[in-house]
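Here the structure is laid out as structure tokens; the discussion comes afterwards.
To find a chain, count down the sequence lines: A is the first, B the second, and so on, and within it residues start at 1.
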Amino acid sequence: MTRFTEIAHKWQQRWKENKVFEVEPNKKEKLFVTVPYPYISGSLHIGHARVVTEMDVYSRYHRMSGKNVLYPIAFHISGTPVLGISLAIKNGDEKTIQLFSGYVGAYIKDKKEIARIIKTFEDPQAIVDFFVPKMIAEFSTLGLGVDWRRSFTSGDVIHQRMVEWLFHKYKDKGYLVQGKHPVLFSKSLNNAVGEDDIKDGDTDPVEKQEFTLIKFAYEDGFIVAATLRPETMFGQTNMWINPKITYVKAKVDHEIWYFSKECADKLQFQDHNVDIIEEIAGTTFLGKTCFAPFVERDLLILPSTFCNPAIGTGIVTSVPADAPFDWIALKELQDNPELCTQYDIDHTQVKAIELIPIINSKGYGDFPAVEICKKRKITSLLQEKELKEATQEIYKVGYHTGVMRDTCGKYAGMKVEKAKQAMRQQLLEQGRATIFWETSRPALSRDGGEVIVAILDNQWFIDFNAKGWKAEAKQCLDHMSIVPEKYRKRFEDVFEWLDKRPCARRRGLGTTLPFDKEWVIESLSDSVIYMSLYPIAQLVKKFKISGEQMTVPFFNYVFNGYGVVEKLSKDVGIPVEQLHTLREHFDYWYPNDHRHTFTAHLSNHLSFMIFAHVAAMKKKYWPQKISFHGMILREGNKMSKSKGNTIPLLELDRLYGADVFRAFMCSATSVESTLDWQTEKVEHMKKHLLNLYTILETAIKHQKNETIASEHDWFISRWEQLKQQATAALEEMDLRTYAMTVLYDMFSLYKDVSREAKEQQFHAINGAIITEWIRLLCPLVPHIAEELYEQAGEEGFASLAPWPKSDRAKINTIAEFTHDMTKQVQDDVRKVIELAKIEHPHRITIVISHEWKYALFTMLKELLEDTRDMKSIISSIMDTDMKQYSKEIMKIIPAVVKDPSKLPHFVLDQETEYKVVKHLGAKLGEDYNTHVLVEKAEVSTQPKARNAAPAKPAIVVE
RNA sequence: GCGGGAGUGCCGGAGUGGCCAAACGGGACGGGUUUAGGCCCCGUUGACUUAGUGUCUACGCAGGUUCAAAUCCUGUCUCCCGCACCA
């Protein structure tokens, strides 16, 4: 454990004991800040730490600036992940058990005890109960100024009641609708499933794919083929049926269909009635025909083994121009007359099949499938992998760049992207097709049952397009501050395309839908307005208010002030005073003044938050500000648990202590940029902080309350400017500039003055700035700051000390300039001596510029403010009595106009400069142990005297 | 494909029209301190030049606007992120 870790623990303990961050409403201006509540998922790592730490630095500044700051954190447990962990442990999943044994092992050493605790995790609530206190402890190691009394989880009664209240609001306003919706579904569990219920669902995710089932008239009914590409239907040449499998004839709704048995089974889950009539061998169909839409003619049914009964209908319509599988299958048949004979098919008919060009894709001719097969040397259906890749490639290019050809009837000239939708729509409207959902790969649930797609016909949706809602949300957004501002447009776009969103599921932790208990509110929809609980959560606990008491009217009153409090009190059995207190607290803290989050939340959580607030809250409680932070990498790589490259907060605490982390994180990159965690750089920061700490400790011991001589005005001036810079940066949440200012700029400025100030004066400077500096450091490295603050003999906590105000009156740019000039001359003298290779100069002469040049430079500076026109500048100057120096002036002006940086920041007068340099001369004389002569150009005999310019005296070393 | 962002030195990264050979941090090199190492301190680190205050070249590439561009405009290349119902 490092020294910094010890200091951190000491102060974290004291803050806790003294309830430093437990806040109540008072007379001060309030600031209520939030971050998204973290999901319970085992131990915390630095990925979690960024957002909470940034918000902490920012809010600590505001606390010191005199605001009453509320910074709370709660925990999210809704949805399926915690459930999934629980399930995995129940099923004896070794990976999960090991992972969680590791997390638990961070706190408990006894192996038996660990195993016992893991066993309890079969109940999801046990996971929550175990980790919430651990997560609070781990967050606390970061030194957060959080009021932990207000924490809760999304599974707590208060949260559930509040979510119910919100959904009642949605329902009352007509923002909830019911409809059909496809979900992944386990036949054995007879329930919807998520990623964590599916075998290998985390490593090889299963998606829902939307097939179009197209009906081809055949005998008494339809042969039904499945396709993902309805836009290729103008290119159909034949039908593929697998001779090796058995199909079924079935009554589907009111029609007779011929298709695979597997599909028939699945279709029953997708809102269709299916009665199987008989089984039919695949070979039965061969050589016959069926009638195809779009091409509007009979297609020959041919054999192919690539048709998989488990995918789609096991029947595929053939588009050899655009589908590599179809092309190779057709070619194999055309090239093998024997194969045709074997299936009793007329080879001449097969041979006669001609490809129909349908899509014009970038980089391809008439028949992309043929081209790509040739290019990739695909000649056989056995090259399955290559064929799949080729199919992907053709699809991708076709979808993005393709245009329908003249062969495609009224769709000719249409982009593939559009034609796909339009053609499918036409088929559906004509009753010649239906939608069928299929999983993107064969999948099993963890208990071994088959996973399919089922359509639920009573799915609940939030309808963001409900009348008036978007307009209000937009109004809220318009009044919000978005940092960085560039994300506002993204919000606007998201608002545009937000439509109906499924908001409840059949499984998972969370809140049941109050008016339809079969459903659990989905985890993104239940976490949109929970910040409303922070002002009251600890009161609800204190007043022992039960779930039954937190009714809809209860929240209506507490949040919005609606209703008659006496009646409410009687109805729910809560004393009027308590209701008043709840209402007052809410009204004091709300709205949420600032929410700091990751950009990934923009299109869902943050947008929903705005919609939820405008739906449920009075305008004055709408959110005020959202800021964004960037992602976090480790040594250039993404951090993830599966890669095993995360850094647990406990380890961070042990190796560095919170302050090193905070300082590194804030200074490494700007808030909105990607942060790369590089151990080497963190080590550098640790060294720097140690160095800074030592310097401040020493400075504390050598303070004097004495007047600082005017020769150090430059330092004081710069100090004030840096204070201002730090403050301005914090106001903008520019944590990087702030961190750099207090860690480095002030540090090097302090070093500079320490080198040139005499001891007494240096101690006086210490007296003037040290406690200020400590306080300025406090938001960034609060533990170190507290420790030093105490050493400096200050009362109370640095965390609660007033923020140092900068004094504009002390800013003296002339003093700074003079100081810089002195340093420059000093530097030049050193360089000249080096270049001249004179080891022991016996005389140094410094020549101050001619007086008239000061007038010239002053005038030039003024003129250059208005114009860059050489002629007018020259004529203005020549109008004065400087004309006598025209020869020299004509050399100076072009150079200066071309590059105005050649002019000094300030132009002093000759006498002042002479005095300053004379003073320096004395010092130089001591340094080099030689005679130094400072003279004005007018009296100098040195030829170099002519080169002297204001702020740039000529130097001669002999 | 659409939408958004980025391309600056050995590296990370400042800089949004002139005060920029480029903050700050790191690395490398030279020197000081030290028994030695570390820490710390000083200097150098685009090229050329010089007894400093000098000249030239550079901000993905190619053009343009302007007295003046890394910064504005046009084209182009490369990389990253999002394109949803998933937390």
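For the pair A:K687 and B:C39, the criterion of a side-chain N or O lying under 4.0 Å from OP1 or OP2 is met. Within the 4.0 Å cut-off from OP1 or OP2 of B:A23, not a single side-chain nitrogen or oxygen of A:R736 is found. An OP1 or OP2 oxygen of B:C42 is reached within less than 4.0 angstrom by no side-chain nitrogen or oxygen of A:R830. Residue A:H688 has no polar side-chain atom (N or O) positioned under 4.0 Å from OP1 or OP2 of B:C40.
For the P atoms, the distance linking B:A23 with B:C10 amounts to 14 Å, nearest Å. Going from the C1' atom of B:C72 to that of B:U16 covers 10 Å, rounded to whole Å. B:C67 sits 28 Å from B:A14 when the C1' atoms are compared, rounded to a whole Å. Comparing B:G26 with B:G43, their P atoms sit 15 Å apart, to the nearest whole Å. Comparing the same atom, C1', in B:U74 and in B:U66 gives a spacing of 16 Å after rounding to whole Å. Comparing the P positions of B:G63 and B:U53 gives an interatomic distance of 33 Å, to the nearest angstrom. Comparing the P positions of B:U44 and B:G5 gives an interatomic distance of 40 Å, to the nearest angstrom. Using atom C1' as the reference point in both B:U76 and B:G15, the two lie 25 Å apart (nearest Å).
As a whole-Å value, the separation of A:D820 CG from B:C19 P is 18 Å. Remark: P of B:A87 and CG of A:L509 are 12 Å apart, rounded to the nearest angstrom. Rounded to an integer number of Å, the gap from CD1 of A:I892 to C1' of B:U53 is 13 Å. The CZ-C1' distance, from A:F464 to B:C85, rounds to 10 Å in whole Å. Rounded to a whole Å, the CZ atom of A:F598 is 19 Å from the P atom of B:G4. Look at CG on A:L602: it is 17 Å from P on B:C85, rounded to the nearest Å. The interatomic distance linking A:H605 (NE2) with B:C85 (P) rounds to 19 Å, in whole Å. Between A:L690 atom CG and B:G38 atom P there is a gap of 17 Å when expressed in whole angstrom units.
A:F817 places a side-chain heavy atom less than 4.5 Å from the side chain of A:P904.
Nearest heavy-atom pair across A:F491 and A:I626 is CZ-CD1, 3.8 Å. In plain terms, the two heavy atoms of A:C503 and A:F461 that are nearest each other are SG-C, 3.9 Å. Taking both residues in full, the closest heavy atoms of A:E913 and A:P953 are given as OE2-CD, 4.2 Å, listed atom of the first, atom of the second, then distance.
Backbone-only contact: A:S523 has heavy atoms under 4.0 Å from sugar-phosphate atoms and none from a base. Within 4.0 Å (heavy atoms only), A:Q824 reaches no atom of the nucleic acid at all. The residue A:A954 sits close to a base: some heavy atom pair falls under 4.0 Å. Nucleic acid contact class of A:K751 (heavy atoms, under 4.0 Å, all strands): sugar-phosphate only. Within the 4.0 angstrom heavy-atom criterion, base atoms lie near A:P953.
Of the candidate nucleotides B:U53, B:C41, B:C86, B:C41 has the atom lying nearest to any side-chain atom of A:F747. Distances from the side chain of A:L524 to the nucleotides B:G25, B:A87, B:U53 place B:A87 closest. Here the nucleotide nearest the side chain of A:K944, chosen from B:A87, B:U44, B:U53, is B:U53. Relative to the side chain of A:N691, the nucleotides B:C40, B:G25, B:C86 differ in distance, and B:C40 lies closest. The side chain of A:Y39 approaches B:A87 more closely than any other nucleotide in the set B:G27, B:A87, B:G25. The A:M740 side chain lies nearest to B:G25 when the options are B:G25, B:A51, B:C41. Closest contact between the side chain of A:V832 and the listed nucleotides B:A51, B:C24, B:C86 involves B:A51. The side chain of A:D493 approaches B:G3 more closely than any other nucleotide in the set B:G3, B:C86, B:A51. With B:C86, B:G43, B:U53 as the candidates, the nucleotide lying closest to the side chain of A:N947 is B:U53. Closest approach to the A:S670 side chain among B:G27, B:A14, B:C85 is made by B:A14 (side chain taken as heavy atoms from C-beta onward).
The residue among A:H76 and A:S748 whose nearest nucleotide of RNA chain B lies closer to the 5′ end is A:S748. Each of A:E680 and A:K500 was assigned the nucleotide of RNA chain B with the nearest heavy atom; the assignment lying further toward the 5' end belongs to A:E680.
B:C56 is paired with B:G46 under the Watson-Crick or G-U wobble criterion, all donor-acceptor distances under 3.5 Å. In this entry B:U74 has B:A62 as its Watson-Crick or G-U wobble partner, both defining distances falling under 3.5 Å. Using the Watson-Crick or G-U wobble rule with both distances under 3.5 Å, B:C85 pairs with nothing in any strand shown. Summarising the base pairing, B:C40 is matched to B:G32 through a Watson-Crick or G-U wobble pair whose two defining distances lie under 3.5 Å.
Screening residues 683-693 of chain A for salt bridge (charged side-chain N to carboxylate O under 4.0 Å, His left out), with sequence neighbours left out, gives no hits.
Under the 3.5 Å distance criterion, with hydrogens and angles disregarded, no donor-acceptor pair is assigned to the side chains of A:N465 and A:K500. Using a 3.5 Å distance cut-off with no hydrogens or angles, the side chains of A:R595 and A:H601 do not pair a donor with an acceptor. There is no side-chain donor-acceptor pair under 3.5 Å between A:Q824 and A:D820.
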Apply side chain to side chain donor-acceptor pair (under 3.5 Å) to residues A:T511 and A:D526 and explain how you reach the verdict.
CA-CA 8 Å; A:T511 305; A:D526 88 340; 4.6 Å; no
